[in-house]
Each structure stands twice: as structure tokens, then as C-alpha cells.
S.K.: 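What follows is a structure written as C-alpha cells; I'll ask about it next.
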Amino acid sequence: MVSVEKGKRWLYEKDGWKEIGLFVVCLVFYLAFPLFDGPYWSKDSTSYATMDITREPLYPTFLWVFRNWFGEERYLMPVILFQAFLAAYAAWKLAVTVKEKKGSFALGCTAAGFQFAVALLNRFVANRGSSYTVCIMTEGVGFSLYVLFIVQLYRYILDKRKKNLFGVFFYAALLASLRKQMLLTLCLMAAVFILYYLVKKRELRKLAVLLVLTGVLLAGVKAADCFYNYRVRGVWMEHSGNSMGVLCTLVYTAQDKDAELFRDDTLKRLYTEIYTRSKEAGYNMSDAPKDWVGLTSHYADCYDDIGYGIINPVVQGYIRENQSVSPVDDTLLYDAYCGSMMKTLLGQSKGRLFCIVAWNTWKGFVNSIARVHPVLNVYAVIMYLLYLVLYVWAVRRKGCWNRPDETASLAEIVGIGLAFNCGVVGITIFTQPRYMIYSMGLFYCALTVLLYDAVAAGRKKGAESGGRSVKVTGVK
């Protein structure tokens with residue numbers, strides 16, 4: 001009886017009907033994409049569906065489960081329907097959280113609207129012809145899981161509830177097992193914990209416990225990766241290719257003299273062939289335009305050609321000709337050679353490497369909230385400056401630096417997450433929008449909350465000033 005009465009109070013006193021209606025709207029919006037477009041099979045989809053050794057375990061396992069439930073011929077539609085439902089839930093959960101913390105249902109709807117806008121941009125503006133929710137690739141669930149991760153982290157910082165902390169670790173574990181880029185969630189967790197329990201407060205014991213748990217989670221993610229490959233391939237190993245991304249960048253920034261860094265004859269021979277082919281094909285930083293847009297575009301165009309067109313054939317060809325044992329052993333040898341070349345090339349002069357990483361990271365910042373374009377590049381600078389100014393003003397106005405705050409905490413968590421994503425991707429791979437837009441809707445949500453508070457504070461100050469003016473006039 002008590003639970004019934006509690007349910008009635010939620011429906012009639014706490015906008016329960018509105019929340020249900022908003023969820024229906026979110027569900028209808030996201031279900032429209034799979035129902036009208038159907039599944040989108042990209043060039044990367046095959047590697048997930050076949051459980052390729054280069055892929056992290058979560059998404060291939062996810063597809064395997066649906067194949068077993070629905071059959072090889074019919075499983076794709078249920079997959080994208082699930083992805084649509086997950087996206088709807090993530091948008092709704094973000095909206096309800098903003099509504100609850102800020103006391104404005106309209107503000108919550110705006111938060112969901114930004115998630116809708118990102119989906120519409122991907123479908124109709126980005127020349128993709130599909131929303132990511134219908135794609136058979138990690139982004140089909142990754143964007144939604146990241147939103148849910150941020151929501152749980154935000155709620156934990158404000159409410160200190162164990163269930164929210166469990167949600168933080170749960171979604172971080174899923175994301176880190178989805179794609180290695182999302183290991184940034186563990187870095188983000190650690191950074192937020194340090195910010196709140198070391199910089200803002202001196203709760204060192206709590207910080208130590210949270211950092212230890214984060215380390216345990218990292219170990220668990222790596223163990224899950226190894227267990228997955230043990231079950232699929234019979235070998236306890238992590239997925240392949242972890243070194244190849246950075247190696248592509250180092251080959252791109254390399255110079256003729258870098259061959260002298262190698263002491264091992266085999267590695268030197270492999271590297272020399274890779275570098276020579278890359279240089280002859282124009283896949284070197286020396287061949288790039290000098291402006292930052294041209295440089296980063298050239299780097300992006302060359303990246304896959306260096307990795308898949310040169311590094312893989314050279315290294316895998318050498319292994320097949322000289323040391324081939326079994327597919328798994330060959331993969332382990334490939335990782336060993338690429339890893340050793342990467343470590344050696346880190347000894348190259350750092351100027352060119354720092355240059356490409358810096359500009360590539362900045363391109364990531366632009367692509368995180370807009371798209372690289374002469375006008376939008378300026379727009380991105382203005383938006384980031386506005387975000388920073390409003391955040392600083394909110395902290396100073398409320399005096400909330402040493403405590404959690406519904407507005408400032410959201411801005412901090414979203415901003416740190418966006419910066420971490422740009423940094424991680426900027427160092428390892430070209431920052432195309434597909435890798436960067438995890439925080440797009442969240443950024444505009446946090447910016448809108450900052451603006452909402454600023455406008456409310458301005459109105460309050462204006463009302464107080466007006467009240468004082470009326471009082472003085474009355475005395476006269």
C-alpha cells in the first residue's frame with residue numbers, strides 16, 4: 001500500500017507523467033532510425049561480427065549473443081532496435097537527471113534535445129546516410145553508454161550514493177571493453193576523484209579507496225579481454241594491434257636519421273622498408289601542407305594507408321616468410337615487432353611529433369562540438385571561451401569551489417571528459433568526428449545549464465536592484 005501511495009505521489013507531485021511522456025518521445029525518436037533505415041553494415045562491421053583478434057571483446061560478444069538468439073539471417077534488426085532503445089534510455093536519463101538537479105523540466109527536455117540533434121546531424125548533415133544507432137559498430141552503443149557513464153559520475157559526486165558509484169564502475173567497465181579509446185573513462189574517473197577528494201577537499205582515505213578500485217577495474221578489464229580471447233582462440237592474450245596506432249603516427253613524423261635508432265637488425269630492416277615505402281608514397285609529415293588544417297587532413301589521409309597499406313603487409317609478410325607458426329602465434333609476433341618499433345621510434349626528435357599531436361588534438365576539440373571549417377573553427381573558440389567564462393563566473397558567484405554544485409560539477413565533469421578524449425585520440429589516431437562526438441550533446445547540455453544559471457542570477461540581481469529603487473523612491 002505504501003509503495004502504491006509513493007507511486008501516486010511520483011506521478012502527480014514530481015512530474016512523473018511528464019517523465020513517462022518524455023521517455024515515449026525519446027523512444028519514438030530513436031526507433032524511427034532503425035525502422036526507416038534498417039541496419040548499416042560498414043567496412044569495420046565484418047571484423048566485429050567475425051570476432052577478429054584486433055577487436056575488444058564487448059561488441060563482438062554482444063553481436064554473438066544476438067546471433068545465437070535470432071539466427072545469422074535475422075539478428076541485425078534486433079541489434080539496432082536494442083541500440084535505439086539504449087540511446088533513448090540514455091537521452092531520457094540525462095534529461096531526468098538535469099530536471100531533478102536543476103528543478104526545470106524544460107531544461108531537462110533541452111538536454112534530451114541536444115542528444116537528438118547529434119543523431120540528426122549524423123544522419124542528415126554528415127554525409128553518412130545513417131545514424132550511429134543503426135550501425136554495426138562500437139559507436140552503436142558507445143555514445144549511449146558514455147552518456148550514462150557521465151550521468152552516474154555526476155550523480156555520485158552530488159549525492160555520494162553507492163548505487164551511483166556502482167553505476168560509474170559498471171559503465172566504465174563496459175566502455176573500456178568496447179574500444180581502447182574508452183580507457184579514458186578510467187582516467188576521467190581518477191581525475192574527478194582527485195579533483196574532489198584532494199584538490200577541493202582533503203578526504204585522502206576516500207580518495208585512496210576510489211583510486212584502488214579504479215586500478216582494480218583496469219586489471220579486471222584486461223583480464224576480461226584475455227579471458228575472451230582464451231574462450232575464442234584458446235590463448236590467454238589481449239586483443240592485437242595496441243601498438244600499431246602510435247606506430248603509424250611515429251612513422252608519419254619520422255625522418256631519415258631515425259633508422260640509426262635501431263640496434264636490432266631485423267627491426268631496422270622492417271622499419272627501413274616501412275619508412276621508405278611511406279616516404280615514396282608521400283605519407284610523411286614533410287609532404288604535408290604547412291597550415292594546421294592541411295597538416296591534420298594530410299595526417300588523417302595517410303594514417304590508414306601507413307598502417308593497413310604498409311606496416312601490416314611488411315611485418316606480416318616477414319613473419320609468414322620467416323617465422324610463421326600459427327595464426328595466433330603470428331599475431332603475437334606481429335604485436336611484438338610493432339611494439340618494439342614503436343618504443344624505439346619514441347626516441348626520435350620530438351618537435352615534429354609534438355606539432356602533429358598538438359594540432360591533431362586541437363582539431364579534436366573543434367570536431368567535438370562542431371566541424372573543422374573556417375567559420376566553425378572560430379565558433380569553437382568562442383564556445384569554449386564562453387563555457388570557461390560562465391563556469392568561472394558560476395564558481396565565483398556561488399562560492400562553490402570547495403563543494404559539489406549542480407551546475408559547476410556538471411561543467412567540470414563534461415569538460416574534463418571532453419579534454420581527455422581529445423588528448424587520448426589526438427595522441428593515438430586522427431581525430432575524425434566519429435571518435436570525437438561522445439561529448440557533443442553533453443557539452444551543449446552543460447553550456448545551457450551554465451547559461452540558465454547566469455540568466456537566473458541576472459534576473460535575481462535585477463529584481464533586487466529594482467526593489468531597492470522602488471523603496472528609495474517611496475521614501476522620497
Side-chain angles (χ1 to χ4, degrees), residues 94-104 106-108 110-111 114 146-147 149-161 164-165 168 184-185 187-204 206-207 210-211 361-362 364-366 368-370 379-423 438-465:
L94 175 64
V96 169
T97 298
V98 171
K99 188 267 307 186
E100 175 187 323
K101 300 305 179 186
K102 297 303 301 177
S104 170
L107 198 59
T110 303
F114 285 124
Y146 185 74
V147 171
F149 165 77
I150 293 294
V151 166
Q152 291 298 324
L153 185 56
Y154 173 57
R155 295 180 76 99
Y156 174 71
I157 291 300
L158 293 180
D159 301 333
K160 305 294 188 298
R161 293 180 179 175
N164 296 131
L165 182 61
V168 171
L184 72 90
T185 54
C187 300
L188 173 56
M189 288 163 51
V192 170
F193 294 152
I194 290 170
L195 175 64
Y196 277 87
Y197 301 120
L198 177 62
V199 178
K200 290 177 179 285
K201 301 179 181 180
R202 294 286 178 173
E203 299 183 27
L204 300 183
K206 187 169 188 176
L207 174 63
L210 290 171
L211 292 180
T361 301
W362 168 241
F365 273 99
V366 176
S368 293
I369 64 171
Y379 164 83
V381 173
I382 294 171
M383 288 297 102
Y384 282 122
L385 287 176
L386 178 62
Y387 191 95
L388 182 61
V389 168
L390 289 172
Y391 164 70
V392 172
W393 186 34
V395 171
R396 289 174 64 88
R397 188 178 69 250
K398 296 182 173 185
C400 62
W401 172 249
N402 292 322
R403 59 178 173 82
D405 175 79
E406 290 84 357
T407 298
S409 295
L410 179 63
E412 288 165 352
I413 292 169
V414 170
I416 295 171
L418 189 152
F420 268 65
N421 191 39
C422 293
Y438 285 83
S439 296
M440 181 177 282
L442 292 166
F443 173 85
Y444 287 107
C445 171
L447 180 60
T448 302
V449 171
L450 288 167
L451 285 167
Y452 176 86
D453 266 21
V455 171
R459 287 178 176 174
K460 182 178 179 181
K461 186 175 181 180
E464 290 173 350
S465 299

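Bear in mind the structure is a predicted one, so any value in this text is a computation, not a measurement.
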S.K.: Check L158, N164, V192 against L153 for a side-chain contact (heavy atoms from CB on, under 4.5 Å) and give me the one that passes.
M.R.: V192

S.K.: I'd like to check the ring-ring contact (aromatic ring centres under 6.0 Å, His included) partners of Y154; sequence neighbours left out, ordered by chain and number.
M.R.: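 ring-ring contact (aromatic ring centres under 6.0 Å, His included) check on Y154 returns nothing, list empty.
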
S.K.: Look up atom CG in L94 and atom SG in C445, then write down how far apart they are to the nearest 0.5 Å.
M.R.: 4.5 Å

S.K.: Does Y146 form a side chain to side chain contact (heavy atoms under 4.5 Å, CB included) with T185? I'd like the steps, not just the answer.
M.R.: CA-CA 8 Å; Y146 185 74; T185 54; 4.2 Å; yes

S.K.: Please round to the nearest 0.5 Å and tell me the distance separating atom CG of L165 and atom CG of L210.
M.R.: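 Answer rounded to 0.5 Å: 6.0 Å.
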
S.K.: Can you give me the closest heavy-atom contact between A408 and Y391, atom names plus distance?
M.R.: O-CE1, 3.8 Å

S.K.: Would you check, one step at a time, whether the test side chain to side chain contact (heavy atoms under 4.5 Å, CB included) holds for Y197 with L204?
M.R.: CA-CA 6 Å; Y197 301 120; L204 300 183; over 6 Å; no

S.K.: Please enumerate all residues that pass side chain to side chain donor-acceptor pair (under 3.5 Å) together with T110, with sequence neighbours excluded.
M.R.: none

S.K.: Donor-acceptor pair, distance only, cut-off 3.5 Å: does the side chain of K201 make one with the backbone of L198?
M.R.: no

S.K.: What pairs with Y444 under side chain to side chain donor-acceptor pair (under 3.5 Å), at least two apart in sequence or on another chain?
M.R.: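 For Y444, the residues satisfying side chain to side chain donor-acceptor pair (under 3.5 Å) (neighbours in sequence not counted) are Y379.
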
S.K.: Tell me every residue that passes salt bridge (Lys or Arg N to Asp or Glu O under 4.0 Å) with E412, counting only those two or more places apart in sequence or in another chain.
M.R.: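 Listed in chain order: K200.
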
S.K.: What are the two closest non-hydrogen atoms of A95 and A111, and how far apart are they?
M.R.: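 A95 and A111 have their closest heavy atoms at CA-CB, 4.3 Å.
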
S.K.: Can R397 and D453 be said to form a side chain to side chain contact (heavy atoms under 4.5 Å, CB included), step by step?
M.R.: CA-CA 10 Å; R397 188 178 69 250; D453 266 21; 3.7 Å; yes

S.K.: Taking all non-hydrogen atoms of both residues, which atom of C422 and which atom of S368 are closest, and how far apart?
M.R.: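 Between these two residues, the closest heavy atoms are SG-OG, 3.5 Å.
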
S.K.: Please report the interatomic distance CG(L442) to CG(L410), rounded to the nearest 0.5 Å.
M.R.: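 Here the interatomic distance stands at 8.0 Å.
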
S.K.: Mind checking what makes side-chain contact (heavy atoms from CB on, under 4.5 Å) contact with V389, not counting sequence neighbours?
M.R.: none

S.K.: Kindly write out the residues that satisfy side-chain contact (heavy atoms from CB on, under 4.5 Å) with L451, not counting sequence neighbours, or none if the list is empty.
M.R.: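 Result, side-chain contact (heavy atoms from CB on, under 4.5 Å) vs L451: L390, L447.
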
S.K.: Please report the interatomic distance OH(Y387) to CG(L450), rounded to the nearest 0.5 Å.
M.R.: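 Rounded to the nearest 0.5 Å, the OH-CG separation comes out at 6.0 Å.
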
S.K.: Apply side chain to side chain contact (heavy atoms under 4.5 Å, CB included) to the pair L107 and K101, showing each step before the final yes or no.
M.R.: CA-CA 10 Å; L107 198 59; K101 300 305 179 186; over 6 Å; no

S.K.: Quick one: list whatever passes side chain to side chain donor-acceptor pair (under 3.5 Å) with T448, sequence neighbours left out.
M.R.: none

S.K.: Would you tell me whether T407 and Y452 have side-chain atoms, one donor and one acceptor, within less than 3.5 Å of each other?
M.R.: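 No - no donor-acceptor pair under 3.5 Å links their side chains.
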
S.K.: Quick one: pull up OG in S409 and CZ in R403 and give me the separation to the nearest 0.5 Å.
M.R.: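 If we round to the nearest 0.5 Å, S409:OG and R403:CZ are 9.0 Å apart.
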
S.K.: For F365, check ring-ring contact (aromatic ring centres under 6.0 Å, His included) against everything at least two apart and list the hits.
M.R.: Y384

S.K.: At what distance, to the nearest 0.5 angstrom, does CE of M189 lie from CD1 of I416?
M.R.: 13.5 Å

S.K.: Looking at every heavy atom in both P404 and Y196, which two are closest together, and how far apart are they?
M.R.: CA-CE2, 4.1 Å

S.K.: Of all residues at least two apart in sequence or in a different chain, which pass the side-chain contact (heavy atoms from CB on, under 4.5 Å) check with V96?
M.R.: E19, W92

S.K.: Can you list the residues that meet the side chain to side chain donor-acceptor pair (under 3.5 Å) rule with D405, with sequence neighbours excluded?
M.R.: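 K398.
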
